[in-house]
Amino acid sequence: MNHSTSTTTSRRLTELFFLAARWLLGGLFLYMGLSKAWQPLEFLKLVRQYDLAQSALPLNLIAACLPWFEAFCGALLLAGVAVRGTALALTAMLVPFTALVLRRALLLYAAGTLHFCAIKFDCGCGAGEVFVCHKLAENAGLLLLCCLLICRRHSSPTSDRKTLYFR
Amino acid sequence: MTPQPTQTEHGFRGFQLKRLIIEALAVTVTGGLFALLANRLSPAGIELTRDYFPKAPPATNQIIPPQPPPWDSPEAQLHAKGLNTLPMETVVGLFASPGYAADKVIFVDARNDEQYRAGHIPGAFAFDHYRPETSIAVVFPACLAASNVVVYCTGGDCEESGFAALALADAGVPRERLRIYVGGITEWQAAGRPVETGDRRSGQFLPAKP
């Protein structure tokens, strides 16, 4: 009986943790997406600094779509719709973006005399100028949350065994 | 000892992985379509085919100078685009000249509306080249009537003045009339020069710095 109660409590705590992770991630992406979508031209100028594309169309597409896509994913996470798929899509977006931030930071580091963590720039993340180490740590945290949501085990007792390997 | 997953469990794992990837693709496609639609409907949306960062059009019978590296000075960058620059002393001289009062010398503020309203060179026209439709009808005739058009933005390595000058040249303003004030509003303000707020000729000025 006691074992059963502790299992239920543990399961509830896990559920609560995943709910908080989902809401945190969803709220963050919704906020960051909308803040960029509000002023897409400012975002376009920042995206241009990454030298992702030489012609106008791909650059405009990234700047026009990315903010709304982030907001869309944020809304899906908040609503609890297609959570694992959304988390995977966000991971696929976050990994190259983090690599781009790191590349730009390394270029600035190589060109200047600043300590790596003292490098600060507006990465186009929706929060203005940030220290690169903070940004990389934040992205690592977001990636971790995404991975947790992707690999989460279903709470339904009937599906527990089946989804065991996705923990 | 940990039990090994059976063949059925392996198959189920593959099925779940496939489902996850399909779900992610569905989210990406739906999200992408939603994003395109939202951008199209948003009043601040981006025109997908427009080049917001124009380069200098190649002039005929002219050798195009090699593009300077991005870390070159703002002056060098602008000269490479075929644009002339002005130092602060010349700009102050133009501001004090009779031509300024007669609208033969005009100033064009290439920053966005919010920045313009917060403070601009007195009498300057607002021209945000990212949103030309809002001001081109006023700015273009004024540029054609003027003999000197001084375009500026924040100063330093801001690029808006260069883009705005190229957009005006593209619209038909003779290029030799266009000059870039590289120091921009930051240098102007730091030198204690008058700064007008709100609309053009609003008569409201920022208090002079001691």
Side-chain angles (χ1 to χ4, degrees), chain A residues 29 33-34 36-45 47-49 51 54-77 81-93 107-108 111-112 146 149-151 154 159 161-166, chain B residues 2-6 8-55 69-71 111-115 128-131 157-160 163:
Chain A
F29 272 99
L34 288 180
K36 281 180 268 189
W38 193 249
Q39 289 188 311
L41 284 171
E42 297 305 313
F43 183 55
L44 176 69
K45 291 178 206 171
V47 171
R48 181 171 161 261
Q49 291 174 8
D51 287 327
Q54 292 302 312
S55 54
L57 182 65
L59 193 68
N60 292 350
L61 262 176
I62 294 169
C65 292
L66 211 63
W68 289 110
F69 182 74
E70 278 182 18
F72 178 78
C73 288
L76 285 185
L77 287 179
V81 178
V83 173
R84 297 174 71 223
T86 307
L88 182 60
L90 286 176
T91 305
M93 194 174 69
L107 282 173
L108 290 171
C146 282
L149 290 181
I150 292 168
C151 303
H154 288 228
S159 61
R161 197 187 67 81
K162 290 178 181 175
T163 56
L164 188 64
Y165 298 105
F166 290 97
Chain B
T2 317
Q4 293 297 309
T6 63
T8 321
E9 282 165 337
H10 271 302
F12 187 75
R13 194 196 317 198
F15 169 74
Q16 283 284 301
L17 191 64
K18 203 172 152 186
R19 209 178 110 178
L20 173 65
I21 291 168
I22 289 170
E23 194 176 281
L25 284 174
V27 167
T28 307
V29 171
T30 318
L33 291 173
F34 167 79
L36 282 172
L37 186 69
N39 176 66
R40 181 80 183 79
L41 296 176
S42 165
I46 287 175
E47 290 174 47
L48 296 179
T49 51
R50 191 181 146 193
D51 187 2
Y52 286 93
F53 309 103
K55 293 170 186 67
W71 53 84
R111 299 171 302 153
N112 65 32
D113 188 53
E114 191 186 338
Q115 292 169 320
D128 178 1
H129 98 280
Y130 298 108
R131 301 263 173 233
D157 59 358
C158 76
E159 296 179 289
E160 279 76 15
F163 292 137

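Chain letters run A, B, ... following the sequence lines, proteins first, then strands; residues in each count from 1.
When the candidates V81(A), T91(A), T86(A), L59(A) are compared by the number of heavy-atom contacts under 4.5 Å with chain B, T86(A) comes out ahead. The residue among T49(B), N112(B), T30(B) with the most heavy atom pairs within less than 4.5 Å of chain A is T30(B). Contact count against chain A (heavy-atom pairs under 4.5 Å) is highest for L48(B) among I21(B), L48(B), L37(B), I22(B). Ranked by heavy-atom pairs shorter than 4.5 Å toward chain B, the options A71(A), A89(A), A82(A) are led by A82(A).
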- [ ] Report the C-alpha separation of V83(A) and L77(A) in whole Å, then their side-chain angles, then the decisive distance to 0.1 Å, and conclude whether the side chain to side chain contact (heavy atoms under 4.5 Å, CB included) test is met.
- [x] CA-CA 6 Å; V83(A) 173; L77(A) 287 179; 4.0 Å; yes
TODO: Test side chain to side chain contact (heavy atoms under 4.5 Å, CB included) on R48(A) and Y52(B) and set out the steps.
DONE: CA-CA 10 Å; R48(A) 181 171 161 261; Y52(B) 286 93; over 6 Å; no
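Contact of C65(A) with chain B is made through backbone and side chain together, with heavy-atom distances under 4.5 Å. Contacts between E47(B) and chain A at a heavy-atom distance below 4.5 Å involve the backbone alone (N, CA, C, O). In this structure, the portions of L61(A) lying under 4.5 Å from any heavy atom of chain B include both its backbone and its side chain. With a 4.5 angstrom heavy-atom cutoff, L90(A) does not touch chain B via any of its atoms. With a 4.5 angstrom heavy-atom cutoff, R131(B) touches chain A only via side-chain atoms. If you measure heavy-atom distances from S42(B) to chain A, the contacts under 4.5 Å come from the side chain alone.
Distance check, rounded to the nearest 0.5 Å: CG of L66(A) to CZ of F43(A) gives 4.5 Å.
No side-chain donor-acceptor contact under 3.5 Å links R50(B) to the backbone of A56(A). A donor-acceptor contact shorter than 3.5 Å is absent between the side chain of H129(B) and the backbone of F53(B).
L20(B) is listed as a side-chain neighbour of I150(A), based on a closest heavy-atom distance under 4.5 Å.
Residue pairs meeting the side chain to side chain donor-acceptor pair (under 3.5 Å) criterion with at least one partner in residues 65-77 of chain A, sequence neighbours excluded, are K36(A)-E70(A).
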